[in-house]
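Notes follow once the structure below has been shown.
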Amino acid sequence: MTEDSCQCAITTPPCHRRMMRTPTIRTCLKVGIFFCIAFLLFLANLESCTTSVNGGDITKVALRRQTQEVHTQTNSADLQQQEDCMASLSEQEERHSAEVTALRSQINSLKLELQKHTEKVEQLEEPNRSKDGKFQEADQSDLVNFIQQQMAKIDVRRTVHDEYEVVPFMSLTSKLVYAVQTDLSRKPAERPKGDKKEDLVEAVYFAIDVLKAQSSAKELSIEHFVDGIFKNDRTIGTYYDFIFKDPNHNYYHKIELLRPFSPLQKLRTHVVETSRVLVNIIIPLSGRIDKFRTFIERFQSVCLDNQIRVFLTVVYFGEEGLDEIKNLLKYLEDTYSFHEYRVVSLLESFSRGRGLQEGVYSWDGPDVLMFFCDVDVAFNKEFIEHCRYHTVPGRTVYYPIVFSLYNPNIVYSSMENTPPENNQFHVHRDTGFWRDFGFGMTCQYRSDFLSIKGFDLDIHGWGGEDLHLYRKYLQSDLNVVRVTDPGIFHSYHPKECNTDLTPEQYRMCIGSKAMTEASHSQLGMLAFKDTINMTLFKMGQPPRPGNEGHRKR
């Protein structure tokens, strides 16, 4: 370093002292005032911020308090409502509990009563008890099972020992019921009244509703009811078999119902077309040409005039009168072009069973419906229909109960002239009776007749063979439809009982003879004829001519 530079360095501090001189008092005051003002402004700003912050907190606190108050009020209302609901539910629960207790008490009482009645029924029927012997309550399934069991009993074959165990059907039309009466009133036909009427009306309309539910019978109504049969079985209920004519077609609707001591139940339904069913009418005959001529006249009006499909088989015993029989049938052939007949000639003594059996064997066509008839029997076209739809091959045979006419000389003795026989076919207690002891008129298929081996040909003469055949059917697997039929009549004819008959046949013949003369009241009037005439004479009245009895209209 040089001397000059050292000098310069030494001389520098005096210069610096000149530049860093001490501040004046004025300057210090200005700076102090500035700092004071700045400090005051800082304090003012700090106070403003503090106030703002404190004001927001107060607002938040106020809002929080209001919210707490609202929640408190809401909670109080909810609590009050909950308390009210709990009180109401508690009250209802107590009331329901009391009702349940009362119902349980009633149920227990009813159970005790039911058990008492069940114990009484046990004396007649097997009790419905479990293995431990305790009473079992019946539920809905038990009721359904019971009804099904009752319905199944209808198709179960029962062992029948004789004709007296058979419960006959009753037949009905839209107005009358035809029943076998065993009392003295003996009303063969009557209008149903009271509960009988309600029962039948309900059953018929129930049948209509069932058939209308089927697509083929939508237009069916009470006007299409034809007729029906029914009977009461004490162990099952009431069985009905109704026939309705289809409103649009040429066939019938057949419906079977059962009232098994419970609401009506449909058993089965099926369509029965009778117009195609051929009926072979078989008549055994010996002599009695006039009666056969009358029969042919009725046959014309009923079968041929109505174009009913029938075949006539006449089994004639002997030679005398045979040509007249053939001439009468030839008249039908010429007048109506009726060729559906056959004459079977037997050169032997008359036997009804033998004649009918030969008539059956003479048929050489397929299985056919046969009607065993007598020359004294009159029938109408409705009976032919009954024969058709009540007889089913392999299932049923038809045994109508014929209405037998009384002696017209007694029945119409109070009239000036006896009406023609064709005008006497009326079902009335003073005109005839149901021949419930007769089994000669029957409809059955040939196959069923052959399956039970037909008649007992060892029986000769009057009666016995038809009853024997009837009993064979009862003991077979076939169902026998035994019913009153207002479409078939037995004409009156004097009955002679041959002394050559067996004692049993003779008693049957005499019993039949006594039943065919007149009604109970008419026979009584005949028995008291002299007493009645004497009393009328004393009273100044003329005696009544002939039979003093009069028919009740």
Quick check: [Y] with [X] (ring centres under 6.0 Å apart)?
X	Y	answer
Tyr470	Tyr399	yes
Phe206	Tyr240	no
Phe372	Phe449	yes
Phe244	His253	no
Phe371	Phe379	yes

Handout entry: Axial cation check for Tyr239 ring with Lys231, 6.0 Å and 45° limits
Key =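 The answer is no, since Lys231 fails at least one limit relative to Tyr239.
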[X]/[Y] ion pair, N-O < 4.0 Å:
X	Y	result
Arg354	Glu358	yes
Lys254	Asp241	yes
Lys381	Asp305	no
Asp199	Arg259	yes
Lys472	Asp456	no
Glu385	Arg388	yes

Looking only at the side chains, is there a donor atom on one of [X] and [Y] sitting less than 3.5 Å from an acceptor on the other?
X	Y	value
Asp374	His490	no
Thr269	Glu256	no
Glu421	Ser491	yes
Thr238	Asn232	yes
Asn250	Lys245	yes
Tyr492	Gln424	no

Handout entry: Worked verdict on Tyr412 versus Thr431 for side-chain contact (heavy atoms from CB on, under 4.5 Å)
Key = CA-CA 9 Å; Tyr412 303 100; Thr431 61; 4.2 Å; yes
Identify the two heavy atoms, one from [X] and one from [Y], that lie closest to each other, and give their separation to 0.1 Å.
X	Y	answer
Gln444	Leu469	OE1-CD2, 4.0 Å
Val377	Phe295	O-CD1, 3.8 Å
Tyr473	Val397	CE2-CG1, 3.7 Å
Leu220	Ile208	O-CG2, 3.9 Å
Pro393	Tyr445	CD-CE1, 3.4 Å
Met370	Arg446	CE-CA, 3.5 Å

Is the backbone of [Y] close enough, under 3.5 Å, to the side chain of [X] for a donor and an acceptor to pair up by distance?
X	Y	value
Asp367	Ser447	yes
Asp448	Gly394	yes
Arg471	Glu163	no
Thr516	Tyr406	no
Asn306	Ile308	no
Trp363	Pro366	yes
Gln357	Phe455	yes
Arg352	Gly440	yes
Asn423	Pro419	no
His249	Asp246	no

[atom1] of [X] to [atom2] of [Y]: how many Å apart, nearest 0.5 Å?
X	Y	atom1	atom2	result
Arg268	Leu257	CZ	CG	11.0 Å
Ile410	Thr418	CD1	OG1	11.0 Å
His386	Tyr389	NE2	OH	3.5 Å
Met441	Asp376	CE	CG	8.5 Å
Asn409	Glu517	CG	CD	9.5 Å
Leu369	Cys443	CG	SG	5.5 Å

Handout entry: Non-neighbouring partners of His426 that pass side-chain contact (heavy atoms from CB on, under 4.5 Å), sequence neighbours left out
Key =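 For His426 there are no side-chain contact (heavy atoms from CB on, under 4.5 Å) partners, ignoring immediate neighbours.
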Exercise for the section: Could you pull out all residues at least two apart from Glu297 that satisfy side-chain contact (heavy atoms from CB on, under 4.5 Å)? Expected result: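 So Glu297 forms a side-chain contact (heavy atoms from CB on, under 4.5 Å) with Arg293.
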Handout entry: Asp436 and its side-chain contact (heavy atoms from CB on, under 4.5 Å) partner, picked from Val166, Thr484, Ile401
Key =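 One option only clears the test, and that one is Ile401.
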Report yes if some heavy atom in the side chain of [X] is under 4.5 Å from a heavy atom in the side chain of [Y]; otherwise report no.
X	Y	value
Ile255	Leu211	yes
Leu526	Gln522	no
Val271	Tyr252	no
Val204	Ile222	yes
Thr442	Tyr398	no
Ile283	Val315	no
Thr313	Tyr341	no
Phe489	Ser404	no

Problem - Residues in disulfide bond (SG atoms under 2.5 Å apart) contact with Cys373, at least two apart in sequence or another chain - result: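 Checked Cys373 against disulfide bond (SG atoms under 2.5 Å apart); zero matches.
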Exercise for the section: Evaluate the ring pair (Phe, Tyr, Trp, His ring centres under 6.0 Å) criterion for residues Phe403 and Tyr178: first the C-alpha distance (whole Å), next the side-chain angles of each, then the deciding distance (0.1 Å), finally the verdict. Expected result: CA-CA 10 Å; Phe403 192 77; Tyr178 303 91; 8.7 Å; no
Practice task
Might you confirm whether atom OH of Tyr336 has over 12 heavy atoms from other residues, nucleotides or ligands at distances under 6.0 Å?
Solution key: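 It does: Tyr336 OH has more than 12 such atoms within range.
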Problem - Atom CD of Glu165 with >12 non-hydrogen neighbours under 6.0 angstrom - result: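 Count over threshold, so yes.
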Exercise for the section: Please assess Phe299 against Phe338 for the test ring pair (Phe, Tyr, Trp, His ring centres under 6.0 Å), listing each intermediate value before the final yes or no. Expected result: CA-CA 12 Å; Phe299 181 80; Phe338 179 72; 5.7 Å; yes
Exercise for the section: Show your reasoning for whether side-chain contact (heavy atoms from CB on, under 4.5 Å) applies to Ser362 and Arg342. Expected result: CA-CA 9 Å; Ser362 67; Arg342 177 181 289 115; 4.0 Å; yes
